[in-house]
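Here the structure is a predicted model, which is why all the values come from computation and not from measurement. Throughout, numbering of the chain's residues begins at 1 and tracks the sequence.
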Amino acid sequence: QKFWKTFDGYTKWVLPSAKVCSISWSGPHQGQESHVQRYRDSPIMHSSVPDEFKPVIFEAGTGKRLDFPQPSKKLRAPRRRPATLK
């Protein structure tokens, strides 16, 4: 509550800026278990996706990387977006 009260609407930046800080609750996913359930059956977890792009779980206290739970259904490969011209 104190954090929210302090930072919502904050404008006293070190450098001049017109930006205003806005605080809100994260939604619809809140907490580790919710995010694990969101991603375990996601195409991002497909074997064709390089490991560095996948979400990971770390053990609290040790920082040791833990295995992500196995999917509960067959994963489809992610759809590829057409390359954009720069």
Side-chain angles (χ1 to χ4, degrees):
Q1 219 174 21
K2 184 177 178 183
F3 178 89
W4 195 296
K5 192 173 188 176
T6 301
F7 288 99
D8 194 39
Y10 185 85
T11 59
K12 298 177 183 176
W13 309 109
V14 175
L15 299 174
S17 175
K19 293 185 178 183
V20 178
C21 183
S22 176
I23 307 296
S24 64
W25 286 106
S26 175
H29 304 285
Q30 194 62 260
Q32 180 180 342
E33 186 59 32
S34 176
H35 283 88
V36 167
Q37 292 307 316
R38 174 183 183 197
Y39 287 108
R40 74 183 296 184
D41 293 328
S42 169
I44 197 74
M45 301 305 286
H46 190 267
S47 60
S48 66
V49 176
D51 195 50
E52 61 261 25
F53 298 113
K54 296 179 181 181
V56 295
I57 300 172
F58 296 100
E59 185 174 58
T62 67
K64 176 183 170 193
R65 184 174 176 168
L66 302 175
D67 291 333
F68 208 88
Q70 293 296 312
S72 62
K73 62 182 184 180
K74 184 178 178 183
L75 299 178
R76 67 172 175 79
R79 288 177 278 188
R80 299 192 70 119
R81 295 182 182 178
T84 57
L85 300 174
K86 290 186 178 187

Look up atom [atom1] in [X] and atom [atom2] in [Y], then write down how far apart they are to the nearest 0.5 Å.
X     : Y     : atom1 : atom2 : result
Lys5  : Ile23 : NZ    : CD1   : 14.5 Å
Ser72 : Gln37 : OG    : CD    : 7.5 Å
Ser47 : Lys54 : OG    : NZ    : 6.5 Å
Lys74 : Asp41 : NZ    : CG    : 13.5 Å

If I compare all heavy atoms of [X] with all of [Y], which pair ends up nearest, and what's the gap?
X     : Y     : result
Asp8  : Ser22 : OD1-CA, 3.5 Å
Gly9  : Val20 : CA-CG1, 3.7 Å
Pro55 : Ile44 : CD-CG2, 4.2 Å
Ile57 : Gln32 : CG2-NE2, 3.3 Å
Pro78 : Val49 : CG-CG2, 3.5 Å

What's the verdict on side chain to side chain contact (heavy atoms under 4.5 Å, CB included) for Cys21 and Thr11, showing C-alpha distance, side-chain angles and the deciding distance?
-> CA-CA 7 Å; Cys21 183; Thr11 59; over 6 Å; no
Side chains of residues 59-66: which donor-acceptor pairs under 3.5 Å do they make with residues two or more places apart or in other chains?
residue	atom	partner	partner atom	Å
Glu59	OE1	Thr62	OG1	2.6
Thr62	OG1	Lys64	N	3.1
Arg65	NH1	Asp51	OD2	3.3
Arg65	NH2	Asp51	OD1	3.3
Arg65	NH2	Asp51	OD2	3.3

Enclosure of Gln1 CD (heavy-atom neighbours >12, cutoff 6.0 Å) =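 No - once you tally the heavy atoms of other residues, nucleotides and ligands closer than 6.0 Å, there are 12 at most.
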Sequence neighbours excluded, which residues qualify as side-chain contact (heavy atoms from CB on, under 4.5 Å) partners of Arg76?
-> Pro43, Arg79
Would you please classify the geometry between the Tyr10 ring and the Trp13 ring as parallel, tilted or perpendicular, with 30° and 60° separating the classes?
-> perpendicular
Cluster link Phe58 to Tyr39, ILVMFWY, side chain under 4.5 Å = no
For the pair Met45 and Arg40, evaluate side chain to side chain contact (heavy atoms under 4.5 Å, CB included) and give the outcome as yes or no after the intermediate values.
-> CA-CA 7 Å; Met45 301 305 286; Arg40 74 183 296 184; 5.8 Å; no
